[in-house]
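Only one structure is covered here, and it is reproduced in the block below.
When a ligand or atom number is given, it counts from 1 through the structure's own listing order. Position 1 is the first residue of the sequence; numbering continues from there. As the structure is a prediction and not an experimental result, all values here were calculated from the model.
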Amino acid sequence: MKVPLLDLNAQYQTIKPEIETAISNVLAHQRFIMGPEVAELEKKIAAYCNVKHAIACASGSDALLLSLMACGVGHGDAVITTPYTFFATAGAIARLGATAIFADIDPKTYNIDPNQIEDALIGKGIYGSRVPGSGSRIKAVIPVHLYGQSADMEPIMEIAKRRNLIVIEDAAQAIGAEYKGKRVGSIGHFGCFSFFPSKNLGCFGDGGIITTNSDEYADKLSILRVHGSKPKYYHKIVGLNSRLDTIQAAVVGVKLKYLDKWSLTRKANADWYNDALTGAGLTDRYLITPYEGCSGRHIYNQYVIRAKDRDGLMIHLKKKGIGTEVYYPVPLHLQECFANLGYKVGDLPHSEAAAKETIALPIYPELTDEQKQYVVDTIKEFYQ
Ligand SMILES: *Cc1c(COP(=O)(O)O)cnc(C)c1O
């Protein structure tokens with residue numbers, strides 16, 4: 001039996017005629033840049049995330065970059081974020097000449113620990129003079145809702161308010177996730193989403209969108225994504241070319257109708273895994289199951305467990321035809337390109353441990369019962 005980590009074709013087959021109609025509509029009108037499907041999608045996503053505005057752009061990475069640009073982050077500024085995330089989160093900060101300050105995660109949820117944000121702000125522990133960012137003006141914080149589960153937003157918003165920080169939610173993996181009844185992307189000043197194909201709501205290439213309740217930020221973002229031009233060919237600011245293709249908007253528009261169903265099925269798969277792995281006695285002996293996390297809706301973009309001899313397990317599963325992945329093998333504070341920031345091994349121990357111990361299992365909605373059972377049996381086999 002083969003169980004890939006993700007089977008995009010299985011999903012495509014269930015919605016093929018609708019997708020093809022949506023794409024051929026775009027081919028018929030030929031408005032490939034900022035066609036009507038883009039504005040329609042922005043309306044739908046704003047409603048879905050329960051925010052006033054949504055501004056589509058070329059990727060989740062650009063969503064982060066544009067949000068930082070909209071609040072004027074640049075040289076001499078610092079932004080606090082988690083080291084246990086996809087590179088783009090910190091890449092956006094560095095690209096603007098600002099400094100990323102990494103705050104360690106809560107080992108239960110893998111999301112940024114609000115207490116560590118506080119430490120970074122007051123220069124406690126490793127955040128003394130040694131970390132370069134500590135000399136800069138800390139302007140914003142980027143919590144990441146990793147794997148589809150919201151970060152602990154209440155204390156983060158409290159700290160941000162007290163310290164006058166902008167909060168940019170990296171919700172690239174978490175569209176539709178909720179924290180205490182609020183949709184992610186509606187809690188901070190900005191919410192950044194990605195339509196990368198492997199996200200719960202993916203397009204057929206790159207794409208992204210930014211949510212905000214601020215009229216001013218929404219206006220700024222919509223100008224920044226077209227080279228800072230308003231009206232056309234008149235530039236008060238320098239922006240970039242970062243629009244969502246009309247064809248991609250059409251694809252996402254179709255898929256959005258199914259998103260809740262897909263996310264619920266992912267959750268059901270996760271619950272099933274949790275039971276099956278607990279029942280096998282694996283959780284006590286070898287594995288720590290994920291997330292005793294925040295109260296709210298988890299959309300399971302990834303189902304991640306901690307595993308004893310993680311690399312050995314991964315090789316075993318691969319031999320048996322099961323796809324897995326490590327998100328992420330190197331925490332960002334130890335990436336070569338950030339060596340200048342001065343972090344060393346041991347500085348952020350929870351992120352470093354997670355990078356060594358975690359493994360993502362197949363969780364996509366179209367998984368069959370037989371496939372899930374096969375994954376669990378193969379894990380059991382390894383540990384016996
Ligand atoms: C996918 C992802 C991004 C970047 O999205 P792209 O659309 O691939 O540019 C940013 N942050 C996180 C946490 C992600 O998972």
Ser59 heavy atoms within 4.0 Å reach ligand 1 at atoms 7 (O), 9 (O)

Taking only non-hydrogen atoms of Thr85 and a 4.0 Å limit, the atoms of ligand 1 in range are 13 (C)

Exercise for review: Using distance alone, decide if ligand 1 has a nitrogen or oxygen within less than 3.5 Å of any nitrogen or oxygen in Gly60.
Suggested key: yes

Here the atoms of ligand 1 under 4.0 Å from any heavy atom belonging to Val144 are 13 (C)

Short version for Ala172: what comes under 4.0 Å of ligand 1, heavy atoms counted, is side chain

Per ring pair (Phe, Tyr, Trp, His ring centres under 6.0 Å), Tyr303 is matched among Tyr147, Trp272, Tyr273 by Tyr273

Atom 9 (O) of ligand 1 sits nearest the protein heavy atom Ser61 OG, 2.5 Å

Asp106 and His350 side chains, donor-acceptor separation under 3.5 Å = no

### Task
Could you tell me whether Lys320 and Asp377 have a side-chain N and a carboxylate O separated by less than 4.0 Å?
no

Counting heavy atoms under 4.0 Å, the part of Ala88 that contacts ligand 1 is side chain

Would you say the side chains of Tyr300 and Asp271 form a donor-acceptor pair under 3.5 Å?
no

*Charged N to carboxylate O under 4.0 angstrom, Glu169 versus Lys182?*
no

re atom 1 (C) of ligand 1, the protein heavy-atom contact at minimum distance is Lys199 NZ, 1.7 Å

| Cut-off 3.5 Å, side chains only: do Tyr179 and Asp152 have a donor facing an acceptor? | yes

Considering distance alone, does some N or O of Gln173 sit under 3.5 Å from an N or O of ligand 1?
yes

| query | What do you reckon, does Ser194 have a nitrogen or oxygen under 3.5 Å from a nitrogen or oxygen of ligand 1? | reply | yes

Margin query: Between Lys356 and Glu352, does any NZ, NE, NH1 or NH2 come within less than 4.0 Å of an OD or OE carboxylate oxygen?
Written below: no

shortest atom 11 (N) of ligand 1-to-protein heavy-atom contact is with Asp170 OD2, 2.8 Å

Note to self: Pairing donors with acceptors under 3.5 angstrom, does anything connect the side chains of Gln11 and Asp7?
What the structure shows: no

